Amino acid sequence: YTLREGRYVVPVRRDAHERFPGIVHGTSSSGASIFVEPRGLVAQGNRLKMAQGELEREEARILAELSELVKERLPELHAATDALDHADLRQASARLGVALGAEVLPLADGPTVELRAGRHPLLILDGVDVVASDLHLEAGQGLVISGPNAGGKTVALKLLGLAALMQRAGLPVPAEEGSGCGFFAPVLTDVGDEQSIAKNLSTFSAHITNLASILERSEEGAMVLLDELAGGTDPEEGAALAQALVDAFCRRGVALATTTHYEPLKAFAARDERLRNASVGFDVDAMLPTFALHWDVPGASSALSVAARFGIPARVLETAREMLPEHTRTFDELVRGLEAQRQKLAVAQAGVETERGAAKAAREEIEERLEAMRARGRKAVDDEAKRLRDQLRDARTELKKLRKSLKQEADAEALAAAKERIERAAALAERTAPALGPLVEAGEALSAVAVGDRVFVPRLRTHAEVLEEGARGQVRVAAGALKLWVDRDELRSVSERALTPAEKAALRAQRRPAPGVATASASAPTSAEDRPQHPGNTLDVRGLRVDDALAMTESFLDRLFGASEGTGYIVHGMGSGALREAIRAHLTTDGRYVERHRGGTTEEGGERLTVVTLR
């Protein structure tokens, strides 16, 4: 069975339809068969037709209602459609960028384009191994590209136009970092052959017609791309016309790029500061173009070499060379010589870059070794300073014992022995004290110093604090327990280059008083034993982690003990209290230096600091 006009029918031979009761609904294309709806299906077919009619009416009603709803929401639907279009465009742009290995270029100020390692997008999509080119063009300037046919001149020209148009459309451009492109409006081109028999236009006539239109529409900020400018006519007249057109376009402030084989136009570009020459390379030995773009060098057309590459017999080419004018041969030889020199310079530059890289690697290796030697030297000095600190502790312990024994022994012999032991311990303390400060290196010479400044004293190989200024250019400094007069010219600024991070933080804490905490000129301490607060006996650990703060506290106590400071101030701030509790717990367990500690008074700064009294 089959369907005819929505009715179920069966094919019946034409001469047998009278023996098959039913309704005829048509014949076959050959006329040998007719399609008959059996009588028993007529009633059911009628009901089916009526149901289909009701179905179509219901569909029409539903569609009408939906149309009314769409009409009510038409602005929202238009907005949604526009949003989907924009999302689809952005997604397509992103996929194009991935396929090209490209990114959207930053928008340059003004009509200018700078492409670094630019590549033609269509060649990339075709899977061609593209030779990248550096291109630069801006308004009021022109680029004259020359070189052999099939060498890539037109590709470079089109790349400039595509970059400008893709930038206007927000599309990614295949170029390396450092590239940029401004806004060109409009982008005008004369590329290809527009000859037409129907319009009675030859190749030259078509180009001139197009050039006239472009010249009329040219304005400042436009980009004009011309392929084989003024070609297809007498070479001398065409070259003169090409130079005049280039000059006219530059005067109008457009960004111009053109390809040419005209030698006068290449020479014109070399003389005019508004223009620059560029050429595509040609490997004469291999008889193949390199497709690489070279700046400030005009290119030879190499027409005979290209003809040989495409199969012109050698005898024909030899005859052509003999017929070349002398000036053409001279210019061609000159350009070839320049190209050979450029290639030699490129090879030499590559060698220099290689040597420069090797020298840089050697210098970095030497610097690493020097830094390692410095680190070993600093470690040796640290070890020596630790040894001296231990000796100083022993000397001070000996002094304390001697003080006690002097109170108990009163005979002359005991006093003399005790005096001798005290003198030895004091001498050891004086020799040791200058080496106990933070390890520093000498900085620059000081033009002026003031009381309280931290300076580097070369003769002591450590830093000291300026106590007072004297006559004849001398100042009195204190390095630990040692105080002496030195010439002002000897002093150097303190360099922190060789300090560890903890030592640098400790040195900065010594140089500045804690904000809001009493200084040496502030109110008196809470007890007679507590010395006033000043930069030399204050440590600021606010913002540090607990481990770093404890390490700095330990170094701070060492320095105070070596400098005979009886009181120290540790500024830790309020915060959550974790840093304060950790420092005070550490001070409680440290019996070597700490006799007691307490929180600061209101005048000293309150619980934001801890006052430490040393043994």
Side-chain angles (χ1 to χ4, degrees), residues 1-102 120-130 158 161-162 165-166 168-172 174 189 191-203 206 210:
Y1 70 91
T2 184
L3 287 172
R4 282 291 185 273
E5 299 178 358
R7 312 289 290 200
Y8 285 89
V9 297
V10 293
V12 179
R13 284 172 48 187
R14 188 178 187 87
D15 57 355
H17 75 279
E18 293 182 356
R19 297 197 300 270
F20 191 88
I23 300 175
V24 176
H25 285 279
T27 62
S28 64
S29 58
S30 64
S33 300
I34 60 174
F35 298 99
V36 181
E37 180 182 11
R39 186 177 297 171
L41 296 181
V42 172
Q44 297 181 26
N46 292 340
R47 289 197 297 272
L48 178 61
K49 270 291 189 182
M50 294 174 63
Q52 289 176 342
E54 293 177 0
L55 178 62
E56 292 173 356
R57 287 192 297 273
E58 184 65 15
E59 288 178 351
R61 184 188 65 79
I62 293 173
L63 290 175
E65 291 183 2
L66 291 176
S67 298
E68 287 297 323
L69 293 175
V70 168
K71 181 179 178 181
E72 295 174 0
R73 297 290 187 270
L74 195 58
E76 293 91 330
L77 290 172
H78 280 313
T81 303
D82 292 341
L84 289 173
D85 287 343
H86 183 74
D88 186 51
L89 175 62
R90 292 301 97 197
Q91 183 187 46
S93 300
R95 288 182 175 179
L96 178 64
V98 172
L100 297 176
H120 196 291
L122 296 182
L123 294 178
I124 297 176
L125 295 178
D126 287 342
V128 177
D129 187 12
V130 183
K158 292 181 177 179
L162 283 174
L165 295 175
M166 294 173 77
R168 283 172 48 170
L171 297 177
T189 66
V191 179
D193 193 349
E194 298 293 336
Q195 66 173 322
S196 171
I197 296 177
K199 296 181 180 179
N200 195 25
L201 292 175
S202 66
T203 299
N210 200 11

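None of the values given here were measured: they were computed from a predicted structure.
Within the 4.5 Å cutoff, the side chain of Pro172 has no heavy atoms near those of the Leu100 side chain. Annotation: side chain of Val9 is not in contact with side chain of Val36 (no heavy-atom distance under 4.5 Å).
Applying the side chain to side chain donor-acceptor pair (under 3.5 Å) test to residues at least two apart or on different chains, none of the pairs has a partner in residues 79-95. For residues 22-40, the set of pairs meeting the salt bridge (Lys or Arg N to Asp or Glu O under 4.0 Å) definition, not counting sequence neighbours, comprises Arg7-Glu37. Note on residues 58-72: pairs passing salt bridge (Lys or Arg N to Asp or Glu O under 4.0 Å), not counting sequence neighbours, are Glu58-Arg61, Arg61-Glu65.
In this structure, Val10 and Pro38 approach most closely via the heavy-atom pair CG2-CG, 4.4 Å. Nearest heavy-atom pair across Met166 and Pro121 is SD-CG, 4.1 Å. Across Ala99 and Leu125, no two heavy atoms sit closer than the pair CB-CD2, 4.1 Å. In this structure, His120 and Val130 approach most closely via the heavy-atom pair N-CG1, 4.1 Å.
One distance of note links NZ of Lys49 with CG of Asn46; it measures 10.0 Å at 0.5 Å rounding. With rounding to the nearest 0.5 Å, the separation of CG in Leu123 from NZ in Lys158 is 9.5 Å.
Here Arg13 pairs with Asp15 under the side chain to side chain donor-acceptor pair (under 3.5 Å) rule; sequence neighbours left out. Ser28 is linked by a side chain to side chain donor-acceptor pair (under 3.5 Å) to Ser30, counting only residues two or more places apart in sequence or in another chain. Judged as a ring pair (Phe, Tyr, Trp, His ring centres under 6.0 Å), and not counting sequence neighbours, the contacts of Tyr8 are Tyr1.
For Asp129, the CG atom sits in a loose shell: 12 or fewer heavy atoms of surrounding residues, nucleotides or ligands are nearer than 6.0 Å.
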side-chain contact (heavy atoms from CB on, under 4.5 Å) evaluation trace for Leu74 with His78: CA-CA 6 Å; Leu74 195 58; His78 280 313; 3.6 Å; yes

Candidate pair Thr27 and Ile34, rule side-chain contact (heavy atoms from CB on, under 4.5 Å), full reasoning: CA-CA 4 Å; Thr27 62; Ile34 60 174; 3.6 Å; yes

